[in-house]
Structures are given as structure tokens and as C-alpha cells.
Number of protein chains: 2
Amino acid sequence: MADRISDAEHAVMEVLWRRAPLTATEVSEALEEDRDWSLQTVKTLLARLVGKKVVAHEADGRRYLYRPLVVRDAYVAHESQRLVDRLFGGRVTPLVAHLAETQQLSDQDIAEIEALLKALKP
Amino acid sequence: MADRISDAEHAVMEVLWRRAPLTATEVSEALEEDRDWSLQTVKTLLARLVGKKVVAHEADGRRYLYRPLVVRDAYVAHESQRLVDRLFGGRVTPLVAHLAETQQLSDQDIAEIEALLKALKP
DNA sequence: GCGTATTGACTACAAGTGTAGTTTATGACT
DNA sequence: AGTCATAAACTACACTTGTAGTCAATACGC
């Protein structure tokens, strides 16, 4: 479960996190808007995800049903941590500071985050 | 300038962002603590970075001096944006919310971020 | 001046990634 | 029953990435 999920694979995971289990064809259809992939490509990605043990497939008649084996939150946490570690020395404050500066946080964003922080305080 | 910087390449960039210009040997020495790379490996990475036009090299006698062509802030901004886009639908607040939950922000972290946000308000 | 170390240039090579095509079995329709 | 569509399995192939090795030129120490 420690293998990295590539970019293309991640797009497939997002579909499965939204709804599962799905057949390969259904996943492919769900991706049509965003990526211009052939069904074969999607199947390859699904097979690789199964190989990485982050997706399970169970036979359903002649086809497979795919479902995620890792929860999205865990993935998001892992990737966020990676970024914070690599670019901000593991500290969250500099990240927020950076986003605040470069991203033009709207007043509403700021209000939201403040409310969130307030709720966290003892 | 749009080529992605790989993980290993990023380690080299960090060295150059800290101090530049440097020779390949100096970069290699600076990396000794963190990565167990041969000089040749570092040279390969430098060459690739030059190929990607994110590092420049200028001859200095028989060797080259390497210096970054992109500023760290731009890279950090780009990577942060990528993560926010991919995992949080482009919105910063959910990222902060997520980090707040999973990262056990200390009281001090919270205080820092609050101060930072206060400073941003009109 | 000659050997040795250093440097850049070029080459290597396996694993991972993006992106399919081909083959074979099976089920669905007429 | 024969034909067409579909699904899985296998194969392909170029590009990137991690990690060097080799070669040829040059400079430095003695």
C-alpha cells in the first residue's frame, strides 16, 4: 500500500472515491469529460492500481467491479504532508503564509479560516 | 520553463537556492548529508535541469558554475497550487481545514496563523 | 614533462508512466 | 447457430526518472 499513485492513476481514484464499485467501462465514462483516454488506457490504469493494492476488483459475472482500498482522506493527508515536508520544512504556518500571500485569499476565505481556527482553540 | 522538476532534481535545486553559483562538485558536497549520490549522479541531474531551462551554467575556466533560473517562491507557489487544485478543488480553506485536523496544529501554530490573517485584513 | 585527479560529454539501463493495440474468450442479438 | 460486441489478459512503446559508468580533455603537483 506504499506505492505511489501517479497522476493519471489519481484521476481514476477520484472517480472511484466519488462512486464505487464501478466497472471499467463506467470508470471510463466518468472520465470522459476530463481526460481524453481510451477505454484500454483506463483499464491499464485500473490494473496498475490493483497491482499497487490501492484498488480491489471483484468478479461480477464476466467483468470486474472496482472499489478503492484506501480512503481519500488518507491519500490527501499523505500528499499534503509530503508537500509540507518538501517545501515548508514540515511546518504548516509557512504554507498558510505563502498561500495567503500568493493566492490572494479573499476576505471570505480569511473569515472562514479564522472561524475554523477559533473552533480548534481550547 | 514549464517542464516539471522531479524529486531528485528538486533536491539539487534546494542546494542552489540556498547558495549559488556553485560548481557541480560543490553541489554534490552540499548534498552528501541528505542523499547518497555519486558525483556523476549530481552532474546528470544538473544537466537535466539545464536542459529544462531551470538552471543556467556559465563556464568558469574548465568547469561550470550553476545557478537557478527560477526563484524558489515561484516553484513553491506552483507546486502548492497544483496540490490545492488536485486535492482541494482549488480552494485553500479546505486545505487548511484538513491540515488543522490531521496535523495537530499547536496552539502556537494557531496563534501564528491568526496573527497572519489579521494582518491581511483591510 | 609526466602521472594523477578533475571535469564535462556521452552512454547506460531498469523501473515507472502515459497511452494504447492485439488476442482471446464469452455473452447478447437476430 | 452465427455474428457482433465486450471484457479481460497480454503486449507495446516512447518518455521520464533514478542512479550511475566510461571516455576524452585538461589542469595541477612534483
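Under 4.0 Å is where a charged nitrogen must lie from a carboxylate oxygen, and between B:E9 and B:K52 at least one such pair does. Ion pairing between a basic and an acidic side chain is recognised when a charged N comes within 4.0 Å of a carboxylate O; A:E114 and B:K118 show no such pairing. Of the charged side-chain nitrogens involved, none lies within less than 4.0 Å of a carboxylate oxygen, so that A:R86 and B:E14 do not count as a salt-bridged pair. Between B:D60 and B:R63, at least one side-chain N (NZ, or NE/NH1/NH2) sits under 4.0 Å from a carboxylate O, which counts as a salt bridge.
Rounded to an integer number of Å, the gap from B:I5 CD1 to D:dT16 P is 15 Å. Following rounding to the nearest Å, B:H57 (NE2) and C:dT7 (P) show an atom-to-atom distance of 15 Å. Atom CD in B:E9 sits about 8 Å away from atom C1' in D:dT17, given to the nearest Å. One can place OH of B:Y66 at 5 Å from P of C:dG8, the figure rounded to the nearest angstrom. The distance between atom CG of B:D7 and atom P of D:dT16, rounded to the nearest whole Å, is 17 Å. Straight-line distance from the CG atom of B:L46 to the P atom of C:dC10: 16 Å, rounded to whole Å. Note: CG (A:L49) to P (C:dG16) measures 14 Å, nearest angstrom. Whole-Å rounding puts the A:L39 CG to C:dT19 P distance at 15 Å.
Side-chain atoms of A:Y64 lie closest to D:dA9 of the nucleotides D:dA9, C:dA20, D:dA20. Of the candidate nucleotides D:dA8, D:dA27, C:dA20, D:dA27 has the atom nearest to the side chain of B:R62. When each of C:dT17, C:dT19, D:dT17 is scored by its nearest atom to the side-chain atoms of A:W37, the top-ranked nucleotide is C:dT19. Residue B:L45 places its side chain closer to D:dT19 than to any other of D:dA25, D:dA7, D:dT19. Set against D:dA7, C:dG18, C:dT22, the side chain of A:Q40 has C:dT22 as its closest nucleotide.
Look at A:K52 and you'll find a side-chain N or O under 4.0 angstrom from OP1 or OP2 of C:dT17. OP1 and OP2 of D:dT6 both lie 4.0 Å or more from every side-chain N or O belonging to A:T25. Between B:S38 and D:dG21, a side-chain N or O to OP1/OP2 separation shorter than 4.0 Å is absent. Using a 4.0 Å cut-off, some side-chain N or O of A:S6 falls inside it from OP1 or OP2 of C:dG18.
Between A:G61 and B:L65, the one whose closest nucleotide on DNA chain C sits nearer the 5' end is B:L65.
Among the protein residues, A:D36 comes within range of the sugar-phosphate backbone only, with heavy atoms under 4.0 Å from sugar or phosphate atoms but none that close to a base. Residue B:T41 is classed as a base contact, given a heavy-atom separation below 4.0 Å to a base.
Side chain to side chain, A:S28 and A:T25 fail the donor-acceptor criterion of an N or O pair below 3.5 Å.
Within 3.5 Å, no donor on the side chain of B:R63 pairs with an acceptor on the base of C:dT6, nor the reverse. In this model, no side-chain donor or acceptor of A:R35 finds a partner on the base of C:dG18 within 3.5 Å. Evaluation of atom-type donor-acceptor distances gives a pair under 3.5 Å for the side chain of A:R48 against the base of C:dT19.
Residues B:D3 and B:K53 have side chains not in contact (no heavy-atom distance under 4.5 Å, counting atoms from C-beta outward).
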